[in-house]
Structure formats: C-alpha cells, structure tokens
Amino acid sequence: MPLARYSVWCLLLLLPGHVFLSYLDRAVYDLIQGAEPHVFLFFRAVTELGDSKWTLVPTGILGLLLVLAGRYGFSGHRPAAVSNWLASASFFVFCSVALSGIVVNVIKVVVGRARPKLIDQNGLTGFEPFTFDGALHSFPSGHTNTIFALALAVSLLVPQWRGGLLAMASVVGFSRIAVGAHFLTDVIAGAALAVPTTVWLRRRFADNGLVFTKGGMDGYALLWPGRLIPIAVARFVRKRVVPIGEPAPRRIGPA
C-alpha cells in the first residue's frame, strides 16, 4: 500500500525534523489553551476510546469464543468455516493493536519526550532518552496509535467503513492534544506508526491463509467467508419485516 510507504517516510523524517516542527506544536498548544471549557468535556470523554483495553479485551475474548465454537460447537458443519474466519478476524484486530502498541511503548522509552504539562521545565524539544517515567513518554501517542490501528484493521475487513473509521480515529487523536496529554507531532507519529505495522500484519496473516488471500485491487482480498458475511448482513438489514396479518410480498421470477 502506498499509504504504508508514506507512513514509514513520515516516521523517519518526523523525529529528526522535530526541531523545525516545534513551532507547529507550540501554535497548536497555545490554541488549545484558549479554547472554551465545554470543549474539553467532550474531548475528555472521546479520548477514552483510544485506551487499548477497550479493544484488546473484547477482541481477545471474542476470538477465543469463536475458536471454541468453530472447533466444538460447529465441528463438521458449514458454519465452522464462518466461525473460524471470524475468530481469525478478531485476532487480526487484536494483534494489530497489540503489535503497534508494543512498538510505541519501546519508542516512548527510547525517545523520552516530556509531555505538555512539563513544557515550562523541558520546553518543546526536551528529551531524556531511556527513561521509564510516564511523564516523559509523550512521543509517540499511544492512544492515537491504538485507535488508528483499530480503524485501519477493521477497514481492511470492511473497506466500506474506512472513511468513517479514519474520521473517528482523527477525532480521538486530536483529543489527545485537547486534554493536554500530547503534542501534535506525537499524535501524527502515533497515527503514522499504526499503518506499516497493520499492513505488515495483514501480509503475515495472508501468508498463513488466515482472513486474507493474495489478490484484489491492492494485492489482497478477504477469504470467502469474509466476502459473504457483509453481503448476508446487508441483506438481513434490508429485509422488510412483514407485520402479522399482512400478506407476504409476492416473489418475482422463478421460484
């Protein structure tokens, strides 16, 4: 994906060019400080969506339940293939968030950038590498990385949702600036890092015959259960419920 290549270049250039981008961080920081108080109430609620526990716990549990259902509940039956695909899809989302999160946490420790609350002591370009102090783990943004990894992973499963998911992720990313947890460049780095890790993980899943297969417009396509499930759901949603006593609509065409 070209987006993955652009994200890698963004990461490679962001940290060395941070001194030149610090004025942008300062401008956005000062702008946020002058916002109305009610704006912060909204972003404090929104920012919780970026906490990885809201993704890792549900997808991990759901994946395990679907594995058990496919192996024991539907064993030997056609629904087992659908259950196994859904389990693999859940684990794909889980691994996308977990892998990006691990990389982010390593970079946080190595870089050691001070959070905005320490701007008076450390400034915009103050770094203390190889520290385990959470107040010095501003770069990159973990919440932003989590929500973008989640949005991208789900959009690879349901491409029709990509625009809405990325818009939601952008709002959550901006909330990290609004609540004073990160600078703009931290958020950009967190979002950029989610792309190559998720795309790389899709390749690994496809190589092992899980969720994806090679082919399609961008080099990959969903395995057959993944292609049929959205169609079945859409048909179910569009299906008209006939009230009791009303005759069913006549079918047109051969029976």
| request: Applying side-chain contact (heavy atoms from CB on, under 4.5 Å), name anything that partners D51, two or more places apart in sequence or on another chain. | output: E48, K53, W54, H143
| remark: When rounded to the nearest 0.5 Å, the distance separating CD1 of I107 from CD1 of I102 is 12.0 Å
| For V187, does its backbone N or O pair with a side-chain atom of H182 as donor and acceptor, under 3.5 Å? | no
| Is there side-chain contact between R162 and L156, with heavy atoms separated by less than 4.5 Å? | yes
| said: With a 4.5 Å cut-off on side-chain heavy-atom distances among I, L, V, M, F, W and Y, is there a chain of contacts connecting V57 to L65? | reply: yes
| said: Pair V211, L157 - check side-chain contact (heavy atoms from CB on, under 4.5 Å), show working. | reply: CA-CA 8 Å; V211 185; L157 300 172; 3.5 Å; yes
| query | Looking at A114 and F183, what are the two nearest heavy atoms and their distance? | reply | O-CE1, 3.6 Å
| task | Count the heavy atoms belonging to other residues, nucleotides or ligands that lie under 6.0 Å from CZ of R203, then report whether that count exceeds 12. | result | no
| message | Please report the interatomic distance CG(L99) to CH2(W200), rounded to the nearest 0.5 Å. | response | 6.0 Å
| message | Walk me through whether W161 and V154 qualify under side-chain contact (heavy atoms from CB on, under 4.5 Å). | response | CA-CA 8 Å; W161 295 359; V154 175; 4.0 Å; yes
| task | Quick one: pull up CG in D25 and CG in L184 and give me the separation to the nearest 0.5 Å. | result | 5.5 Å
| note | Closest non-hydrogen contact found for F91 with G60 is CE2-O, 4.0 Å
| query | Salt bridge check: are D133 and K108 linked by an N-O gap of less than 4.0 Å? | reply | no
| said: Taking the side chain as everything from C-beta on, heavy atoms only, tell me whether S155 gets closer than 4.5 Å to L166. | reply: no
| field | Any side-chain donor near an acceptor of the partner, R113 and T185, under 3.5 Å | value | yes
| message | Distance check, rounded to the nearest 0.5 Å: S170 atom OG versus F148 atom CZ? | response | 4.0 Å
| said: With heavy-atom distances below 4.5 Å as the criterion, would you say the side chains of L56 and T146 are in contact? | reply: no
| Any side-chain heavy atom of I32 within less than 4.5 Å of one from F174? | yes
| Would you say N145's side chain and S141's backbone share a donor-acceptor pair under 3.5 angstrom? | no
| field | Distance (rounded to the nearest 0.5 Å) between F132 CZ and N105 CG | value | 11.0 Å
| task | Answer yes or no: is there an ion pair linking K214 with D207, defined by an N-O contact shorter than 4.0 Å? | result | yes
| If every non-hydrogen atom of P116 is compared with every non-hydrogen atom of Y29, which pair is closest and at what distance? | CB-CE1, 3.9 Å
| field | Residue of the set T47, D186, T144 for which side chain to side chain donor-acceptor pair (under 3.5 Å) holds with R176 | value | T47
| said: Is it the case that the side chain of R115 and the backbone of A181 share a donor-acceptor pair, with hydrogens and angles ignored and the cut-off at 3.5 Å? | reply: yes
| query | Under 3.5 Å, is there a donor-acceptor pair between the side chain of S83 and the main chain of L66? | reply | yes
| L222 side chain reached by W85 side chain, heavy atoms, under 4.5 Å | yes
| Between CG on residue L152 and CD1 on residue I147, distance to nearest 0.5 Å | 12.0 Å
| message | For the backbone of V179 and the side chain of R44, can you confirm whether one donor and one acceptor N or O come within less than 3.5 Å of each other? | response | no
| query | Are any of the side-chain heavy atoms of V67 and N84 separated by less than 4.5 Å? | reply | no
| Sequence neighbours excluded - side chain to side chain donor-acceptor pair (under 3.5 Å) pairs with any residue from residues 89-101 | S100-T197
| Would T213 and W224 satisfy side-chain contact (heavy atoms from CB on, under 4.5 Å), going step by step from the backbone distance to the final call? | CA-CA 9 Å; T213 184; W224 71 264; over 6 Å; no
| message | When you group the ILVMFWY residues by side-chain heavy-atom contacts below 4.5 Å and let the links chain together, are F42 and I177 in the same group? | response | yes
| said: I'd like to know whether T131 forms a side-chain contact (heavy atoms from CB on, under 4.5 Å) with V109, so could you lay out the CA-CA distance, the side-chain angles of the two residues, the decisive distance to 0.1 Å, and finally the verdict. | reply: CA-CA 5 Å; T131 177; V109 172; over 6 Å; no
| Within the 6.0 Å centroid threshold, strictly below: F212 and F92 | yes
